[in-house]
Amino acid sequence: MTRRLPVAGAVLTGGASRRMGTDKALIEVRGRAMALVVAEALGGAGCEPVWCQGGDEVALSALGLDVVGDEQPGEGPLVATLSALRRAGGEVVVAACDLPELDAAAVAAILAPSLAGRHVAVAVAGGRRHLLARWSPSATEPLDALVGRGVRSYMAALDRLDVVEVALDPAVVVNLNEPGQAAEYR
């Protein structure tokens, strides 16, 4: 029997949060910072280690989270995903920090399918792909090439990779982008 190595987990916390107007990773939902909610979902599903990719190192560390700076700050989630994949040295589940309903069961669903010959298993809900995915090390080279050609769109990159889609309940991958949405979770 082959022992499966742990899959790392990275919470993308380096975004500018322009629409929200404040750091989304630190917004409290039900009394807890969203980055912490997402990190606990990753860890609860068995991801190890779990870290925050980018963002406010001091504030995130104060929450007890490990933080790794982005290789190219301000370049968006695709470049941050590539940074996380390089750091992991193996498979990594990458999740946006603004998923207040994410739980270990949803992450376990992303961990379930085989990635044999595939680059990524991505969450699909409500007819669209979401920023919750398990990345194979085999994606590093094609992602690096896409980024090198100037691609910065996460969704455009997924369209160019070998993807396994994992259907999830839309409620689990709802993301918060505007202050009014965050107010609903207080």
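All values derive from a computational prediction rather than experimental measurement.
The distance from atom CG of L78 to atom CE of M155, rounded to the nearest 0.5 Å, is 10.5 Å. In this structure, NE2 on H119 lies 8.5 Å from CD on E141, to the nearest 0.5 angstrom. In this structure, D144 CG and R149 CZ are separated by 10.5 Å, a value rounded to the nearest 0.5 Å. Atom CG of L158 sits about 11.5 Å away from atom CG of D162, to the nearest 0.5 Å. In this structure, CG on N175 lies 8.5 Å from CG on L131, to the nearest 0.5 angstrom. Atom CG in L99 sits 6.5 Å away from atom CG in L132 (nearest 0.5 Å).
Judged by distance alone, the side chain of R134 and the main-chain N or O of L111 form a donor-acceptor pair under 3.5 Å.
With contacts defined as side-chain heavy-atom distances shorter than 4.5 Å, the pair V38/L12 does not qualify. Under the 4.5 Å side-chain criterion, counting only non-hydrogen atoms from C-beta, S136 is not in contact with R118. R160 is not listed as a side-chain neighbour of P142, based on a closest heavy-atom distance of 4.5 Å or more. Put simply, the side chain of R152 reaches to within 4.5 Å of the side chain of V79, judged on heavy atoms. Two residues are said to be in side-chain contact when any heavy atoms from C-beta on lie closer than 4.5 Å; V92 and W51 meet this criterion. Put simply, the side chain of P49 does not reach to within 4.5 Å of the side chain of D66, judged on heavy atoms. Counting heavy atoms from C-beta outward, L115 and V120 have side chains that stay 4.5 Å or more apart. The shortest side-chain heavy-atom distance between V166 and V124 does not fall under the 4.5 Å cut-off.
What you find for A156 and V151 is that their closest heavy atoms are CB-CG1, 4.5 Å. Taking all atoms of both residues into account, the shortest heavy-atom contact from V173 to A123 is CG1-CB, 4.4 Å. Nearest heavy-atom pair, L65 versus C52, reported as atom, atom and distance to 0.1 Å: CD1-SG, 3.7 Å. Counting all heavy atoms, side chain and backbone alike, V172 lies closest to A106 at CG1-CB, 3.2 Å. Across all their heavy atoms, A8 and A88 have their closest contact at CB-CB, 3.9 Å. Taking every heavy atom of both residues into account, A10 and A84 meet most closely at CB-CB, 3.7 Å.
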Might you work through the side-chain contact (heavy atoms from CB on, under 4.5 Å) test for W135 and L143, ending with a clear yes or no?
CA-CA 11 Å; W135 292 85; L143 273 183; 3.7 Å; yes
For a side-chain contact (heavy atoms from CB on, under 4.5 Å) check, start with the C-alpha distance between V122 and H130, then their side-chain angles and the critical distance, and finish with the verdict.
CA-CA 7 Å; V122 64; H130 293 268; 5.9 Å; no
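In the hydrophobic clustering of this structure, V107 does not group with L36; members are Ile, Leu, Val, Met, Phe, Trp, Tyr whose side-chain heavy atoms approach within less than 4.5 Å, directly or through other members. V147 and Y154 fall within a single hydrophobic cluster, where Ile, Leu, Val, Met, Phe, Trp and Tyr side chains are chained together by heavy-atom contacts under 4.5 Å.
Under the 4.0 Å criterion applied to side-chain N and carboxylate O atoms, E165 and R128 are not assigned as salt-bridge partners. Salt bridge D159/R129: present, at least one basic N to carboxylate O contact under 4.0 Å.
Checking D56, L60, V58 one by one against V67, the side-chain contact (heavy atoms from CB on, under 4.5 Å) holds for a single residue, L60. Across L102, L26, D98, V11, a single residue satisfies side-chain contact (heavy atoms from CB on, under 4.5 Å) together with M34, and that is D98.
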